[in-house]
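Some notes on the structure that comes next.
As a basis for the values below, the full set of heavy atoms in this structure was taken, side chains included, without hydrogen atoms, waters or symmetry mates.
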There are 2 protein chains.
Amino acid sequence: MKDLTKLTYEDHTAENSHPGFSVDCVIIAFHKGKIKVLLRDFGINNYKALLGGFVFNDESADQAAHRILELYTGLSNIFLKQFALFSDPNRTIMKQNLDYVAQYSSVRNDGKWLLRRFITMGYFALVRYDEVNDFVSEKKQLHWYDINKLPAMYSDHELIIKKAQESIKLLMPIIPIGYELLPEKFMMTELRKIHEIFLNKKLDRRNFQRKILQEGFVIQLDERKEGKEYNAPILYSFISPDIKDTM
Amino acid sequence: MKDLTKLTYEDHTAENSHPGFSVDCVIIAFHKGKIKVLLRDFGINNYKALLGGFVFNDESADQAAHRILELYTGLSNIFLKQFALFSDPNRTIMKQNLDYVAQYSSVRNDGKWLLRRFITMGYFALVRYDEVNDFVSEKKQLHWYDINKLPAMYSDHELIIKKAQESIKLLMPIIPIGYELLPEKFMMTELRKIHEIFLNKKLDRRNFQRKILQEGFVIQLDERKEGKEYNAPILYSFISPDIKDTM
DNA sequence: GCAAAAGTGTTTTAGTTACACCCATGT
DNA sequence: ACATGGGTGTAACTAAAACACTTTTGC
């Protein structure tokens with residue numbers, strides 16, 4: 001594996017990257033009751049874009065996605081999952097793309113390569129807001145957006161996010177969602193909120209709690225959230241850091 | 001859409017296809033109590049290969065997969081699903097591939113293009129054996145293999161099949177498997193057998209039947225399988241041809 | 001003869017759903 | 001004053017799992 005700290009978007013050229021192919025990461029976090037997506041300024045028309053990049057000749061798409069994630073969040077070993085391939089022949093031949101390339105070509109000589117058709121693999125990553133936000137907030141072009149209130153987006157990136165959301169909803173009965181998004185100690189309400197947002201429906205407080213606890217992945221701590229005097233919320237933890245191994 | 005009947009493997013060139021990218025289809029059917037995969041002779045060392053191909057410049061990967069499926073099975077509108085991307089940088093740089101290209105280069109001049117790195121999207125298709133076998137059996141290079149007794153395979157195609165199997169197992173609680181694999185009228189035992197193979201465990205006959213029937217997608221017909229005198233198996237049918245729309 | 005497969009119901013256990021009250025905090 | 005959110009338990013219902021016998025056919 002390369003030294004990731006040395007890599008930036010500018011390191012990609014037509015020579016060292018797989019042609020016509022990219023990866024795009026839907027980086028998802030949970031903060032203040034909302035599911036957030038990390039996007040970057042695209043630079044044209046105030047469009048926002050997913051965090052993506054190209055696949056070097058000596059790495060797999062999964063490795064490229066991990067590299068890109070580390071580049072933008074500082075985290076390695078992040079939970080990351082392929083969810084769909086986007087390959088419409090016209091997906092990158094859009095006005096905003098042409099504008100971008102026109103501008104981009106002035107600083108590098110392979111701008112035309114970017115005008116070629118690209119097929120992109122969509123990945124979603126689940127990260128802990130608190131663990132990445134210091135790193136992220138240093139980069140002025142990166143911002144979090146509520147997944148249900150997306151800004152105008154470059155190319156088909158809004159579609160990619162919607163598909164990621166659908167995939168997560170579909171996977172929820174199968175994989176224990178929440179572990180990757182929450183800090184070590186969390187309130188049951190937060191975990192329930194995450195489920196509610198992806199399932200897009202209200203869940204009964206007590207039934208949810210009973211179900212989660214009897215699944216056995218979450219335990220109640222002998223500790224309550226500070227700052228409240230009356231009925232301070234009890235804190236919970238996931239028992240195992242190896243849940244991702246069941247995927 | 002092009003005239004599919006005119007297309008063969010030979011129609012692909014470096015000029016008309018997306019570079020370094022392919023699709024591979026794991027075509028799955030059910031016959032005589034076994035899950036079968038359709039493979040072609042690869043021509044070198046008796047290796048077998050998945051049915052795959054390249055993506056033309058004016059089609060999406062999904063369209064390419066459908067085109068390839070129609071080419072090899074005669075069926076359009078087949079149930080088809082992306083399940084994983086295979087992008088190990090070394091996946092196609094294998095001895096059997098070099099041998100193949102050496103042989104292949106003698107008949108077409110872009111053999112070296114085939115030696116480049118390829119990223120492939122894995123699709124699985126579920127088809128009805130009876131509907132495709134007449135078409136398939138005309139092509140001498142195509143054969144069905146028990147998914148649990150695979151022959152020696154080209155490149156990473158065995159891995160691709162294993163991953164397809166895992167994906168189906170994972171999706172089984174979510175999507176009603178079986179509809180795409182069985183003829184209009186079928187025995188409950190056949191449906192159960194399909195579930196048993198993918199889940200890799202025995203299921204209780206009566207509990208399975210009750211569960212399936214109360215899900216509501218399958219109804220009992222007033223008809224029994226012919227050819228048996230005593231306790232001829234009752235036939236069943238799926239009620240709706242639109243189950244795939246729920247995907 | 002024996003294994004295999006098909007018909008057929010009941011009981012038990014586990015899981016899911018529905019539902020109400022109390023009290024402090026913040027607006 | 002009111003809405004919000006947090007603590008707490010039970011009863012009804014639905015779903016899943018375990019389980020046996022009989023008969024014919026095919027080997």
Discussion item. How many whole angstroms separate atom NZ of A:K202 from atom P of C:dT17?
Written reply: 17 Å
Response to the item:
Taken to the nearest 0.5 Å, the spacing of B:F238 CZ from B:K185 NZ works out to 15.5 Å
Item to complete: Provide, to the nearest angstrom, the distance between the CZ atom belonging to A:F208 and the P atom belonging to D:dT8.
Response: 16 Å
Item to complete: Could you check how far NZ of A:K211 sits from C1' of D:dG9, rounded to whole Å?
Response: 19 Å
Worksheet item: What is the distance, rounded to the nearest whole Å, between atom NE2 of A:H195 and atom P of C:dT16?
Response: 13 Å
Discussion item. Rounded to whole Å, how long is the line connecting atom CG of B:L213 with atom P of D:dA15?
Written reply: 14 Å
Worksheet, complete the sentence: salt bridge (charged side-chain N to carboxylate O under 4.0 Å, His left out) pairs touching residues 121-139 of chain A, sequence neighbours excluded, are A:R128-A:E131
Item to complete: Measure the acute angle between the ring planes of A:H31 and A:Y129, then classify it against the limits of 30° and 60° as parallel, tilted or perpendicular.
Response: parallel
Item to complete: Measure from NZ on B:K225 to P on D:dT25 and round the result to the nearest Å.
Response: 16 Å
Fill in: B:K36 with B:D146: basic N within carboxylate O range, under 4.0 Å
no
Item to complete: Using a 4.0 Å cut-off on protein heavy atoms (strictly under), produce a 5'-to-3' string for nucleotides 7-12 of chain C with B for base contact, S for backbone-only sugar-phosphate contact, and - for none.
Response: BBBB--
Fill in: Check: A:V127 and A:I78 side chains under 4.5 Å, non-hydrogen atoms
yes
Discussion item. Does any part of the side chain of B:R40, heavy atoms only, come nearer than 4.5 Å to the side chain of B:Y154, both counted from C-beta?
Written reply: no
Worksheet item: How close or far is atom C1' of D:dG6 from atom CD of A:E190, stated in whole angstroms?
Response: 13 Å
Fill in: Atom-pair distance (CE on A:M187; P on D:dT4), nearest Å
17 Å
Worksheet item: Reckon B:Q214 has a side-chain N or O less than 4.0 Å from the OP1 or OP2 of D:dA16?
Response: yes
